[in-house]
Each structure stands twice: as C-alpha cells, then as structure tokens.
Protein chains: 4
Amino acid sequence: MRNIVLFVLLAFCNTIVAQENHSHSFGRTIIFPDIPGYKTLRCDLHQHTVFSDGSVWPDIRVMEALMDSLDAISLTEHLEYQPHKQDIPHPDRNRSYQIALREAKNHGLIVIHGSEITRKAPFGHCNAIFITDANKLLADDSIANLREAKKQGAFIFWNHPSWPSEKKDRVAVLTDLHKMLIKEKLLDGIEVANDQSFYDEALQIALDNNLTMMGTSDIHKLIDWDFGVAKGGHRPLTLVFAKEKTEAGIKEALFSRRTVVYYKNFLAGKNELLIPLIQQSLIIKSAKYKDNTDVLTVVMENKTNAEFILQNRTGFTFQNSHDIVTVKPGDKIEIEIKTMQRVNNVKLSFEILSAVKAPNSHPLVSWESPAE
Amino acid sequence: MRNIVLFVLLAFCNTIVAQENHSHSFGRTIIFPDIPGYKTLRCDLHQHTVFSDGSVWPDIRVMEALMDSLDAISLTEHLEYQPHKQDIPHPDRNRSYQIALREAKNHGLIVIHGSEITRKAPFGHCNAIFITDANKLLADDSIANLREAKKQGAFIFWNHPSWPSEKKDRVAVLTDLHKMLIKEKLLDGIEVANDQSFYDEALQIALDNNLTMMGTSDIHKLIDWDFGVAKGGHRPLTLVFAKEKTEAGIKEALFSRRTVVYYKNFLAGKNELLIPLIQQSLIIKSAKYKDNTDVLTVVMENKTNAEFILQNRTGFTFQNSHDIVTVKPGDKIEIEIKTMQRVNNVKLSFEILSAVKAPNSHPLVSWESPAE
Amino acid sequence: MRNIVLFVLLAFCNTIVAQENHSHSFGRTIIFPDIPGYKTLRCDLHQHTVFSDGSVWPDIRVMEALMDSLDAISLTEHLEYQPHKQDIPHPDRNRSYQIALREAKNHGLIVIHGSEITRKAPFGHCNAIFITDANKLLADDSIANLREAKKQGAFIFWNHPSWPSEKKDRVAVLTDLHKMLIKEKLLDGIEVANDQSFYDEALQIALDNNLTMMGTSDIHKLIDWDFGVAKGGHRPLTLVFAKEKTEAGIKEALFSRRTVVYYKNFLAGKNELLIPLIQQSLIIKSAKYKDNTDVLTVVMENKTNAEFILQNRTGFTFQNSHDIVTVKPGDKIEIEIKTMQRVNNVKLSFEILSAVKAPNSHPLVSWESPAE
Amino acid sequence: MRNIVLFVLLAFCNTIVAQENHSHSFGRTIIFPDIPGYKTLRCDLHQHTVFSDGSVWPDIRVMEALMDSLDAISLTEHLEYQPHKQDIPHPDRNRSYQIALREAKNHGLIVIHGSEITRKAPFGHCNAIFITDANKLLADDSIANLREAKKQGAFIFWNHPSWPSEKKDRVAVLTDLHKMLIKEKLLDGIEVANDQSFYDEALQIALDNNLTMMGTSDIHKLIDWDFGVAKGGHRPLTLVFAKEKTEAGIKEALFSRRTVVYYKNFLAGKNELLIPLIQQSLIIKSAKYKDNTDVLTVVMENKTNAEFILQNRTGFTFQNSHDIVTVKPGDKIEIEIKTMQRVNNVKLSFEILSAVKAPNSHPLVSWESPAE
C-alpha cells in the first residue's frame, strides 16, 4: 500500500538528513564548485544491484544518487558473476541500465551504460562504460571483450588494482598485462579510490601512465550504511570536469583525463586540476585590517562538503592560530595575518594537506585579494 | 569487491546511529520490557522485497531488522502482484522466505513464512503467516486460498483495512464479507497501523470482534528512509507477548490476541495488556521526601524508546509541573508531589495520553512505592 | 585584554547556540507572536546580581536577556539581604538598575527599576517594580515600604508564594495578611512560576482574586546553567500583552492583568488570553484534500519555542495519528483528517494539554480554514 | 529563593553538556593523560572577576573550573585597574582569592593566590602567582612590585606579550626591559596563548630564553560564551607536569619549565614534553594483520579532548587513507598499514601537525607495538 512519488520521498529524506547532519551545513548533498572553463560533475561510475551481486533494485541506486545530488551514475554489473542467477536469470545484460534509465528520467540524473568484466589476476576487474550492448561482452576471452567494448566506444578503467586476493601485500603494481592494455589503448583509467580503500600506488601509476583517476563506491548494499551518511560520511566520487553536463561531456572529460578523486573528505588529482578546484572551493570573502593594527583579518569560506586542512606558506604568522588551519564544510573562518605593516594586496598561500597531487605530496595553492 | 561480514557491518551501523540519535539514548534499537508471564517480542510481519513489488533483496530486510533489534519478521510478498516478473519469473513463491531464512541464520532473528493475498475491494489484502507452501495459495478463488492457508496452520490478518481505493473516506468498515470471514474463522487479526497510517476504526473493530491488533511497516523501499530513522523515527511494530521467544511462541500469542501496536511513539492495545506493559516501561526508581518539606520527589525512568505523555490523576498537585508530564525515551524525570503531609506509601496514577485502549480513550495506570 | 563589543559577542553566541540547538529551530531566541490588539512582550522581572545575593555583575544579566531576545528585565535586588555587603557596601540601592540601564542602552532592551522586599512568613517576599528610588524602601515596616513603593507608582507582586520555609507542604495559601494587602491595593500580582517551580494553587489564587500572573527566573547564578539552555531549556517568563513596546506599555498591561506565564514549554493564563495566543502560535498553513479521497491534509506550523500537546476535539478521527498530537518548536506537521465527505470549510478544535487555564483544566482552541 | 548546592548544580550542568556535545565524547570535561614521572594538571592561571574588570563573582569562576575539570586556577585581578571601584572599594586586594578559596573547598580544586601588575608599554602586564599578600604590590614602581612578589615567593609571567596597543604589528618582541627582567630573575614565564590569540613569536622567545610557556583564558565575562563551550570549544590552558597534585607541585613544575600550552585543540611546547604527552594521548589499542594479507590494522585511541592531525612518517603507505590522518577527541581509528610483508613489531611514526615545538615546526612521535 505505497503510492509515494519518488520526488516526494526524496524531498522528505533530504530534509531529515539536513537536520541531523550538523557538521555539514549542506546535509548529505555533495557540493563542489565549477572551475574556469568546466562544470564539476559528481560521478559514481561503479555500482551493483540485484542484477549481479548487489542487494537492491536499480531504483534504490537512482534514489541514493539523487539524495547525494550526483550528476551521473553507472550500474556496472558483473557480466560473469551472477550469484542471483537462480532467481534472476538475466539473459539480457542491459536490464539494469534500462530500469535505472527509466527511474532517473525527469530527475536530471545521467545514467551511463556500463558493465564490469571480471577475471582473476592478473587481469582482475575492469569497468567498460559508455557501452551500447552488454550482451556482446560475454566472450570467454577478456581481451576480446575489451576490444568489443572499445568498438562500442567504451571508456575502460581498472578496478581496485591492489585487490586481487593473490596479492597479499595489497600494493597496486602495473603488471605486464596492464602495460600492454595501456599500450593497446584498451585501458583509459584506474581506480585510485574504491569503497573503503585509497591506493597511493595507483595514484602514482595514473601519473606515470597518464590514466584517468577514478573514485567509486563499488556499492553492493546501501550507500547510507556503508559510508556512514547519517554521521556525515560520503561515498568516494570521481569529480569530472566537463565542458557540459551531458553524457557526451562526461565522456570527453574522462578521455581527456580531467578528473579529481574525492575520498573520505580529501582530494586526489593532478596538480593543475587540484589548484583551480581548491581555489574555487575556498574563497576569500573579505580582507580587512583591524582598527589601529597591522593585523589583517581574512575571511575564507568553504563552499564544499570537504574538510580542508591547510598549512601556512604565506610568509607571515597568524594571530589566532599556529601554522595549521582547518576549514570545516560550509564554514567561514577568520585568519588573522600579522603582515608587519599594512599592505594593499595580500597573497595567501597554503599547502593543502587534505589533497594529494602525488603520494605524500600536497598542492600549494594561493589566493590574492585587495586588503582594506 | 566487498567481503564485509554481515555481523561486522551491523555493529558498525548501530554505532553510527547510536552516536547520531541523541534524542534516543538507545540509538535505533527498539526496546520494550517483558511483562509478567510473557516475553515482549518486537515483530514486523508485513514486508516486501524484489520478489513482489519491493526494491531490495531479502538480505537487506534481515539487516534492517537486526539493526532495529527485532525478534521476528515476515516477508509477505504479494502472490498475485509481480511487477518484476520480467526479470524475476519467481515460479517458486517460497524463495523470498528461503533466502531470508538463510541470511537470518545465526543472528537470533525469527523469520516467519508468509504471503499477501491481494484482491480488490471488498476482499482487499490479507496476510497469511506461518504457512508452509506459498505456491498452494495461487488459486483464483481468494477464499479457497484462505482455507488452504488455514490448512497449513496460518494466522491471517486483514491489511490496511481503510485502504481500498474505492473507499474515498478511508474509514475502515467491517464489510459483510469480512464479518463472514471472521465467523468462518478465516480472519484472526487486523492491522491497526500500517506504514504512515493509524486506524482508530480498525482499533474499534478489533475490540468489537476480538481480533488480534497488528502494526506493520508494509515496507517496500528502505526502513531508514521511509520512517526517518536517523531523525529518531521508527517503523510500526506489533509487540507480541509470548510465552517463549520461538516461532511457536509468537504463533500462540497471536492466536491468543496478546499484542500491542507501537506506531509513531505511541501504543494501542487492550487495556489489560497496556497496563502491565506501561507499568514495566516506566518504573519508579526512588521516592524520597525533600529535606524539611512534605514534597515527595519521585524519580521515574522510561525503559523504552517510546515517548510517554502522562496526565496526573494522583490527587495531588506537582511542584515542578502542571498536570501533563512527558518522559522522553531513556530519560529519568523527577516528579515533585505535594502530598500535603508525609506518607509512607505513595500511589502515583496517570492517564497515559500516549496510549489508546480504544479510540480517544486512554488507559489509567498506577504505580505504588514506599516513600522515604 | 578584552575589547569585544557587546554586540559582536552576542551575535557570536547566538550563532553557536543556534547551531547546537537542533530541537529548536530558533536557537535560544524565545519567540511568541503578537495577538490581535497587543504586542507580546517577553519579560523576566525577578533577577539578582552581586548587588544582593546573585553571582554576576548586571552586564551579564543584560547579555543573557539579549541572547534570549527578551523585551524587558528587572534586577530586583533584595533590599535587606546583602550577603556581599563586606565587599559591596551598596549604600545606594539604585546602583544595579543604573548599571544595567547603561549596559542595555542602544540594544532595545527595557530595564525596569525594581526591588525585592524580603521578610519572613507570613509576609514573605514581594517585588515592587516601576519604582523611582529603592533607597526609600528600607524601612523596618514592610507595609510602609509597600505604601512608599505605591507612592512611586509601583506594581507589586508576591514572589514564590508557596515557599516560606515554615510551610512544609509547599502549597500556596492566601494568608489573612495577603488578603488585606489585596484589599488595600498593595498587591497586584502573584508568581505562578518561579525558577524550577510551578504553583497550581497560586494560579487558582490569581484567578480568584484577579491578580496578574507572573513567571520569573529569580536567577542568581547563570541562566545558561540553571535552565539547561544548551539542551533547549528556557527560563520562566511573563508574556505581557502590551499596547506598545515601552516601559509604560508594560506597566499598563501588568496593571490590566494581561499576562500569560511561560514555564518549561507550557503556558498558564486566563482562557481569554490563552486562546488568541495559541491561535497565533499555531497557524494553519494549508488544508487540501488528498487526491481521490475525503482525507483533508491540514498543515499546521508552530511559530513559537513552546512544544504544544494537542488533544483532538474536532469530531473526526485522524488518518496519521491517534487523538494526541504534539507540535515541536518551529515544526510544520501534517494532520490528516477523515472528514467522511468533502467540506469547503474545516473547523479544527483541540484541547491544548500544554496550557492550563486553571489547575488541571485546559483551554479549548479552534481554527477555521477553507479546504481545497 | 535558591538553595541549590554547588555540587548538585555542577552534576546537572555536566550532564547537559555531555549530552549536547556529541563531537566530544567527554563532554566539556578537559582530559589529558599523565606522562611518565609526572601528573598532567590542567591550569588556567589568568582570570578576572568583579574585583577588577570581570563580570562575575569568584564563585562562578570556581564553578566554571569544576565543570571543565581543571586542577588549578588563579584569579589575577588587576591591582591598578579597578573600574568597579565606585561599588567595590576593595581596600583588601586579597578578597577575590579568599572568596574563591572558600568556594573551592571540598571540591579538589587548587586556588592559587595571584595578581596582575598592569602598566603601559614597554612593561605591559605581568601576573605574579603564589603571592601571599596582594596589598603589598601596590607601589607606583612596577619593578619594586615584582621584587616584593618575588620576596613572597612568586612565579611571574609576562601576559599577552604582543598586545600593547602601541604595537600595531602585534608581534611579540623581547624589549630591553624584559631582557633585564629575565636577567634579574624577575620574569619566569610568558604567555604563548591568551584568550583568542596565539603568539608564534612568544613561543620562540620562550624557547630562546628558557621561559615557562603559559596558556590562559584571561576570562572577563563567561567561559561558556567566550570559548563556545556548547559547540565543543575550550579555554586556553597551561598543562603543568607536576610531581604531585598540590600547590607546591604546580609551583615546582612551573619554575622547572614543565608546561605545554593547549589552545584551540592544538598543543605548543618543548619537544621533550610534547613527545611523552602525545605518546600517552594517542595509544595503540591493537595491531593485527587482516586475514590472508600483509595489511596491518592498527587501532589508535585518542584519550584526550584535542583533535590530532597526523602526517605519516612510517615509511609505508596506508590502505585506507592518504598520508594525513585526523583523530577526533575520544575516537578510535583504524589505520591499515601496507607493511609489504608481515612483521612482528611495528613502529608507527607521525609528524604531529596539531602540535608545535617551535613556530612552523612539528614534533615527530613514534609508537611501537607487537603485531599479531
């Protein structure tokens, strides 16, 4: 006896979470600003439903995405691993996509057709997205499947590259096979974050081989439970810098390597993308001298859900803090800079500790502002 | 790439919710005390999964139940309404039960085999639980299905009795058909609460016809979302007063009409069951006179998740309140009673406004305690 | 080394509390609407500072009042009880008032000049407010002091009338002395709530003798601590229905008996004042029939900080609740009324359990609205 | 009409705050562990009351300290600046101390006799604590007052060294006068944190001149308001490492330079004190290999109210994080270390970004643990 319209339920749930989620003034809505020239799209391109080894019907994945204000999702069912086969014979491997597409209609959520090609090491798991027919990817020969996916126009990325259970050290290593796949242009991206894991080594592999960096939930049960949403947690995401908010725009951006990974409140990406993203994420609202002093009060606002940890590289000490400053989601903070004498323009520089441009390496970001 | 053991996830989720849920000191765990002679079992006996028109695999229903600390559930798929038939042909209507049973194993959760028999008005919807084979309930003749269910030993209850879409007034009325079903012993219970609805008229029908009062979630999507769990909400439940925590114990209790319905923090049931339940739910921790006064401070503790609203019928005024007192879940409150002169024993009497023994009628409950 | 402007600090503190206080969407700001013909002014007219037996300088009392958004306060120092005399000789008994007046300047807070005349039973304690010179109220003869206060234009009320330590039963009784004071027009009001106490018997005395009902904090330490402000608590207040927000307006209203007492989230007052106050406090935002049903969904909004508990006296049952409905501060709730057939206008009637018009007696309030 | 015992009120208030303060599992109680050989005492040795330019009676300062679980306070009234002189003539400058001492009795709080000697630049403000008679410190000659204080056994520290209003740059500089005071052994310590300010330059001065580092609230109004206690804030403190919890113990420790400053959730001090403090603050609860992997899961628990920000210097990458890890107050976190192969003992090393051993310089702390 349920006739609740999806839209109403979503509004309801967002309200609940917004009220509960006091540390995030945005509730569970994930927010990142656009950067010059590009829209910043929030994408989770690795997910499962009952059509492979997940526990929900595709409508729940659509609702979760709408609650999180995502721009795009892909339901990448395992083509080969079908534990619910007894009940869901699933002869048409495009069903999960078709159902999600219908559910997402009229909600502004982009659903991208994708599948997960699943083998043992060294091949491991790969997602092919932007495919047109999953039924053609069922050959025994995994390479043949990649070629067929490519023929369909797919973007292919390597999933949880440290995972193969044979690899006890859980350290991602580029195998000869994967080197060949890259050379053959059968591999475009690599997961740097998946579910509860972050891979420093995969970040390095992406940098060394010019692969697109991906962050995904790989969700099987529920986003709310697995990522502690009620407590302020979030799923891993790929932030895609696209020329337009369309499926084609996302595809162009992914092939052009324009992504940043968002995992547990921190960012991982290439320096040239992290810098504009962080410059737009934290903005200077005002910079004014305190009466009769040479102490400049700069108000910075965090326009995102990420908590930023900053290390002062400005060249002056602060009056209200040592050199480490944190800016919680949505917060406005005051930084009191002892500029020694009054200046007309201030250049504020921070090493962004909550972002990595390479393993153990953090971007240096500056903001300039006139000082009153 | 998920191998999280059910048990671990549950522990994790409970912690999250417990920390977020400040108005309930018990987190999302639903707690009610036993009453003299009986165990109080928390049961949600009307639920759906992808095997009829729900959106989750049965494992999610088991996990939700474990998070809420339920004692028993039943996955009562519609036998006739099968909107996912294209993907889930579902020739064996016992599958949902079988899967849930396997998931619940080793977790102390009782899974009761049930099905929903679904017709238009006047028959409407009925749940038959404690059945042995759902496949035998697929006849066109709904009465024949009830007789078959009875043959299997079923307890049968009338779902959302005000709902039939032909009934614009949404007022439950006992039809001639249902009178006949009762007479023929084909109807044992009636839902007094279902999902977001409470039916005063169904409560009266239950009282007039000696039917077992049922409260159910009738969940199709997610308990967390539909009942605002992160905000302190809960699903409707049937509290079953059983001689033992077994499937047989629940069955005996249901046939013996020993239930109270718990819906949106209030209780509905027969006076003789509400009284012991409330006497055990709110307990007097101490009763002491304040120094040099005739003001008796009684400390009452709420051992449950329900918020109680009490109206003073003690015969004395209170020093710290007018005649209405609320006791939030888990709270200890102090009631200062002006007894006019010191007494050795105090009898505290309240009309329990947050419980109904009949429409607009509230039980009168008393507690006695020595006074120091 | 502190130069923080009062205004800035207040803004800061309000923000903090607003963010922490999730159950109250208004933060600690106390909000009640005006009623037809009158402004509703929030007054706390019984407070202490270091100038008698309190623990703070008058500036703290002003800041507390501004944080709570009060309209008026009075610092009613004991004239006779001066435990800090060794350090604060206090020859001029107007000092507390003078200092508070200076602190409140430019903040829109009305400071009323008052003093507490302090004797043993049967006289007890009285506050005289709107006085002009406290130094003239120091005679041994308490009645003489009342006459002098009256000469200065004072409004006089009886404090915590159940309190005298000789009265072990703590039940307020109108003594012969107080009857005489009323007769002689030396007593205008009576405290119905003081600090942690509410006096049903004082409410009856006020009704029987046409005295103004007063609610006061009688604060000695800190409002934040004594009334659990961080947890959503509030000090007792006198809501004064004044023709204008001025000292003269408050005085006229007090002499005209136009007050309601606000204590621990409930209201006490005369029926004719409670009704318009509650009608303005809870308002009907919309009343619309659900599609294809005769169920009218009425949205009510609570415009105040008080939690209302309502008992249905409308004549119809509700679809989503039994007969008791609670409306938390700032909440909008939906009430689904089964009107049996569609009506063009609905009259909603509730007994307001969280208000008392006399001991154990609750006002009946109605709202009318067109139904769509 | 207030007779609430201090003890009861404190218990009450602590409960309130504990319930509201969800980010700190300890409520407002400030907690730091002892270090080998010393007790860690929480001291706020710079405070004001109505006896100079503060706004509360000394009892409120005692209650605030008990709520925060401090070990010692000093009420350091300005000897010269007496804005309340008209009302509090204050001929005996020991009164504030005497009153606080009486209030603190039986509560285990140490009250240290102190005064603030107040001059314009270059002298500025100094606190002399452990004095015996403040009345003897009223000479016009500030140096003479220091000598008298020393004669009484005082420990003397320089307050808010960057503050003198003549110093527009607000940068602490050791003047010739202060060099002389140090040389003459008239200056023992320096405030590194005061109220809302932290002084990197004062930290360097302390290191260069072997002065005791002090952190103080310099409270004038209310701790709760000025430091956002309801929101999880705290006053600046001096953590004193004493051989015993006595006034003499604190004195010995202060003269021996054994302090760490706690300001806005971070620590400042000498490396040799920060290391043991942090080693005891964060402890390894367990270190176990995950099944069939070489990934070691280390559980660390934060035993304090401070939020720690750590940078990985272990030599291995983490599976569940990049190199920056935060540990909220009271939290237990899991760090998954990819040790490449199984080891029997693990040495975990972090640069502690939320602590400074010198301006822009952070201590390196290691923990060793057997690995299972």
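This one's a predicted model, so the numbers in the text were calculated from it and none came from an experiment. Lettering of chains follows the sequences in order, A, B, ..., and the numbering in each one begins at 1.
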Checklist entry - Who pairs with S74(D) by side chain to side chain donor-acceptor pair (under 3.5 Å), at least two apart in sequence or on another chain? => result none

Next on the checklist: Between D59(D) and K221(C), is there a side-chain heavy-atom distance shorter than 4.5 Å?
Outcome noted: yes

Checklist entry - For the candidates N159(D), L222(D), I99(D), D92(D), which exhibits the highest count of non-hydrogen atom pairs separated by less than 4.5 Å from chain C? => result L222(D)

Checklist outcome for this item: Scored by heavy-atom pairs under 4.5 Å with chain C, the best of P89(D), G54(D), P58(D), P91(D) is P89(D)

Checklist entry - Looking at I60(D), V56(D), T118(D), T49(D), which makes the most heavy-atom pairs under 4.5 Å with chain C? => result I60(D)

Checklist outcome for this item: CG of D224(D) to CH2 of W225(C), rounded to nearest 0.5 Å, is 6.0 Å

Checklist entry - When only pairs under 4.5 Å are counted, which of H84(C), Q86(C), H90(C) shares the most heavy-atom pairs with chain D? => result H84(C)

